[in-house]
Amino acid sequence: MIQDIAPKKFYNPICFDTITAKDKVVLFDERSVLIQRNDQNELIIPSFCELKEQKEEKFQYAFSIDQTRYFIKKAEYMQEKEQVEGYGYEALSTIRQLISKEICFAVMSAWHLAGWYRDNRFCGRCATTTIHSQKERMLYCPGCGNMIYPKIAPAVIIGVVDRDRLLLSKYAGREYKKYALLAGFTEFGETAEETVAREVFEEVGLHIGKPKYYKSQPWGIDSNILYGFFVSLKGEAKISLDPNELSLAEWHERGKIPAADDGISLTREMIGFFEDKERFETWFFD
Ligand SMILES: [Zn+2]
């Protein structure tokens, strides 16, 4: 999955160091990121020294991957669009790729963080300008004491299983046109397991058994933490589609599933896991 960058390691503790020449800068314009593709189609993020104007005060540290430090623009400067020789803006939705997994993960994480800083410059309670806590990743309101932590929205990815069949779907009205598993946000007051049952019933009208937790994945592009579950069908297999959410939902036999693990998304890893009958059944029916 995108976050699986071992033996490299992702470090996210807060730090207030000033940016230096070789630090990477992740720059956005709307939902696009400034990137370069080399001859091998690998993605490259610019270093601070490549910027035309190198104004240290406009940048803040975001995180590191091993020794490489990534910086983002401070919220008050995010509107200024940077141009760097040899780099262009590419839509976030088009840059997912295995050969530059570490870069894709860095871009997604930077996007997640930058969006949170951008949206919380002012206190939602009293409208005072927020300040950064010196101890942790938290914005603090000097006016009323409000503490604002990064927004991480829980959502579930659901593999509904009917013996040798897996339920695949396609979203309605979204950019992503490939097969996906059912998915949905956890609502307030709900457990992740309850989200699974509610989403399956709302989207395809099916009843299910007890969900079994598989793995999780940070999905920064939508500020999510995704929790993957597999669950058995209980009762009728006849699908009743919610056309507002899905354009299609259908059962696919193991071995004939038109999507494979892409090494990036939890959804695709779960599909790949289901395809390995022995490994899947040993785990699922344990
Ligand atoms: Zn306040």
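Only a predicted model underlies this, so the values are computations on that prediction, with no experimental measurement involved. In listed order, ligands and their atoms are each counted from 1. Heavy atoms only: backbone and side chains are in, while hydrogens, waters and symmetry mates are out.
The two residues E82 and Y89 make their nearest non-hydrogen contact at O-OH, 2.7 Å.
Around the Zn ion (ligand 1), the protein N, O or S atoms closer than 2.8 Å are C123 SG, C126 SG, C141 SG, C144 SG, listed by chain and residue number.
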Atom pairs and distances, side-chain donor-acceptor, residues 42-54, under 3.5 Å, sequence neighbours left out:
{"from": "E42", "atom 1": "OE1", "to": "N38", "atom 2": "ND2", "distance (Å)": "2.8"}
{"from": "S47", "atom 1": "OG", "to": "K24", "atom 2": "NZ", "distance (Å)": "3.4"}
{"from": "E50", "atom 1": "OE1", "to": "S47", "atom 2": "N", "distance (Å)": "2.8"}
{"from": "E50", "atom 1": "OE1", "to": "Y87", "atom 2": "OH", "distance (Å)": "3.0"}
{"from": "E50", "atom 1": "OE2", "to": "Y87", "atom 2": "OH", "distance (Å)": "3.0"}
{"from": "Q54", "atom 1": "NE2", "to": "C49", "atom 2": "O", "distance (Å)": "2.9"}
{"from": "Q54", "atom 1": "NE2", "to": "L51", "atom 2": "O", "distance (Å)": "3.0"}

Can you list, pair by pair, the side-chain donor-acceptor contacts under 3.5 Å of residues 140-161, counting residues two or more places apart and other chains?
{"from": "N146", "atom 1": "OD1", "to": "R125", "atom 2": "NH2", "distance (Å)": "3.3"}
{"from": "Y149", "atom 1": "OH", "to": "E136", "atom 2": "OE2", "distance (Å)": "3.0"}

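Note that R254 lies in the cation-pi zone of F274, set by a 6.0 Å cut-off to the ring centre and a 45° limit from the axis.
The NZ atom of K178 lies 14.5 Å from the OG atom of S169; values are rounded to the nearest 0.5 Å.
With sequence neighbours excluded, the residues satisfying salt bridge (Lys or Arg N to Asp or Glu O under 4.0 Å) with R69 are D17, D23.
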